[in-house]
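See below for the structure under consideration.
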Amino acid sequence: MIATSDLGQASARARRLIVAGKCIVIPTDTVYGIAADAFDAEAVQRLLDAKGRGRDMPPPVLVADEAVAMALAVDVPQAARDLMARFWPGPLTLVLQAQPSLRLDLGETAGTIAVRVPDHEVARAVLTMTGPLAVSSANKSGRPAARTAQEADHQLGLSVGAYLDAGRTGDGPASTIVDFAVTRDGRVLRLGGISLDQLREVAPAVAGPAGQPPDPGVSGDSPADGPAHA
């Protein structure tokens with residue numbers, strides 16, 4: 001366990017492990033997450049193996065700020081930019097078209113990337129030191145998400161290089177996921193910490209889950225099946 005009372009030291013240790021290709025567990029504003037260098041395909045595979053998860057469920061990527069997210073994606077619609085400005089840092093994951101020149105192998109993403117800026121001081125400090133991290137909830141697939149570093153350790157054990165302990169996370173829901181890879185107006189894949197009404201205050205044409213239409217009188221692309229991200 002790595003205490004986060006000295007955040008600079010904890011972040012530096014986390015960076016050394018990430019550079020070495022290890023997985024680490026970090027706190028986020030939703031649950032604890034298992035993290036790996038997003039640009040290290042072998043490390044990402046270790047993350048999936050630790051969870052007992054296949055490449056058909058690629059992990060999202062956490063970043064320190066909006067500028068990093070924009071560098072990872074291409075052709076980002078204005079509605080997505082507006083949602084970033086309003087809800088980041090926070091429980092909002094956006095699925096975007098990935099920058100094709102980047103060396104990313106997160107699994108079967110169909111050329112997309114799911115990105116988020118977490119609203120947690122420790123997570124963002126680590127991300128500032130490490131750069132983008134592939135992060136999935138720190139639990140075995142199908143088991144409850146970890147709200148403490150100890151709960152994560154109980155499930156993942158020695159498959160993780162280190163656990164950053166920042167106490168218990170909140171008991172709020174997971175992030176809301178909005179897909180902009182198949183429609184420029186956005187389509188909700190999962191509702192979580194941000195409601196559909198909140199989303200539509202910023203992006204009125206966003207489509208709700210399961211093809212729920214946008215607000216009456218607001219034109220938008222027809223939603224289509226998109227990639228499945230956690």
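No continuous path of ILVMFWY side-chain contacts below 4.5 Å connects V74 to L72, so the two sit in separate hydrophobic clusters. A continuous path of hydrophobic side-chain contacts links L94 to L191 [ILVMFWY only; heavy atoms under 4.5 Å].
Contact between S175 and L92 at its shortest, heavy atoms only, is CB-N, 3.9 Å. Heavy-atom minimum distance, V61 versus P132: CG1-CB, 3.7 Å. Here the closest non-hydrogen pair linking W88 and V115 is CZ2-O, 3.4 Å. Closest approach of L156 and A50 over heavy atoms only: CD2-O, 3.6 Å.
Under the 4.5 Å side-chain criterion, counting only non-hydrogen atoms from C-beta, L48 is in contact with P59. For the pair E66/V117, no side-chain contact is recorded, criterion being any heavy-atom separation below 4.5 Å from C-beta on. In this structure, the side chains of V188 and I177 stay at 4.5 Å or more apart for every pair of heavy atoms. Taking the side chain as every heavy atom from C-beta outward, M70 and Q99 never approach each other to under 4.5 Å.
To the nearest 0.5 Å, atom CD1 of residue I113 and atom CG of residue L102 are 7.5 Å apart. The CZ atom of R16 sits 13.5 Å away from atom OG1 of T130, with the distance rounded to the nearest 0.5 Å. Within the model, atoms CG of D197 and CZ of R200 stand 7.5 Å from one another, a figure rounded to the nearest 0.5 Å.
Formation of a donor-acceptor pair under 3.5 Å by the R187 side chain with backbone atoms of V178 is not found in this model. Between the side chain of T4 and the backbone N or O of D165, at least one donor-acceptor pair lies under 3.5 Å. In this structure, the side chain of Q155 engages the main chain of K140 through a donor-acceptor pair within 3.5 Å. Between the side chain of T183 and the backbone N or O of F180, no donor-acceptor pair lies under 3.5 Å.
Residues passing the side chain to side chain contact (heavy atoms under 4.5 Å, CB included) test with R86 are V202, sequence neighbours excluded. S137 meets the side-chain hydrogen bond (donor to acceptor under 3.5 Å, both in side chains) test with K51, N139; sequence neighbours excluded.
Around the CZ atom of R147, the shell of radius 6.0 Å holds more than 12 heavy atoms that belong to other residues, nucleotides or ligands. Enclosure of atom CD in Q150 by more than 12 non-hydrogen atoms of other residues, nucleotides or ligands within 6.0 angstrom is indicated.
Other members of the hydrophobic cluster containing I2, listed by chain and number, are L7, L17, I18, I24, I26, L62, V122, V126, L127, L133, V135, L164; membership follows side-chain contacts under 4.5 Å among ILVMFWY residues, whether direct or relayed. Hydrophobic cluster of M129: no remaining members, since no ILVMFWY side chain lies below 4.5 Å from it.
Between D75 and R184 there is a salt bridge, with a side-chain nitrogen of the basic residue lying less than 4.0 Å from a carboxylate oxygen of the acidic one.
Between the side chains of S159 and R46, not a single donor N or O lies within less than 3.5 Å of an accepting N or O.
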_Set out, in order, the CA-CA distance, both residues' side-chain angles and the distance that settles side chain to side chain contact (heavy atoms under 4.5 Å, CB included) for R190 and T176, then state yes or no._
CA-CA 5 Å; R190 180 182 75 190; T176 291; over 6 Å; no

*Dump the intermediate steps for side chain to side chain contact (heavy atoms under 4.5 Å, CB included) on R53 and L47, then the final yes or no.*
CA-CA 9 Å; R53 192 168 183 172; L47 182 159; over 6 Å; no

*Could you walk me through whether D105 and V44 pass the side chain to side chain contact (heavy atoms under 4.5 Å, CB included) check?*
CA-CA 8 Å; D105 184 4; V44 173; over 6 Å; no

Sequence neighbours left out, cut at 3.5 Å: what donor-acceptor pairs do the side chains of residues 76-83 make with other protein atoms?
{"residue": "Q78", "atom": "NE2", "partner": "D82", "partner atom": "OD1", "Å": "2.8"}
{"residue": "R81", "atom": "NE", "partner": "V76", "partner atom": "O", "Å": "3.1"}

Under 3.5 Å, which donor-acceptor pairs do the side chains of residues 29-42 form with other protein atoms, sequence neighbours left out?
{"residue": "D29", "atom": "OD1", "partner": "R116", "partner atom": "NH1", "Å": "3.0"}
{"residue": "D29", "atom": "OD1", "partner": "R116", "partner atom": "NH2", "Å": "3.0"}
{"residue": "D29", "atom": "OD2", "partner": "R116", "partner atom": "NH1", "Å": "3.1"}
{"residue": "D29", "atom": "OD2", "partner": "D119", "partner atom": "N", "Å": "3.0"}
{"residue": "T30", "atom": "OG1", "partner": "T28", "partner atom": "OG1", "Å": "3.1"}
{"residue": "Y32", "atom": "OH", "partner": "A166", "partner atom": "N", "Å": "2.9"}
{"residue": "Y32", "atom": "OH", "partner": "G167", "partner atom": "N", "Å": "3.3"}
{"residue": "Y32", "atom": "OH", "partner": "G167", "partner atom": "O", "Å": "2.6"}
{"residue": "D37", "atom": "OD1", "partner": "F39", "partner atom": "N", "Å": "2.9"}
{"residue": "D40", "atom": "OD1", "partner": "E42", "partner atom": "N", "Å": "3.1"}
{"residue": "D40", "atom": "OD1", "partner": "A43", "partner atom": "N", "Å": "3.1"}

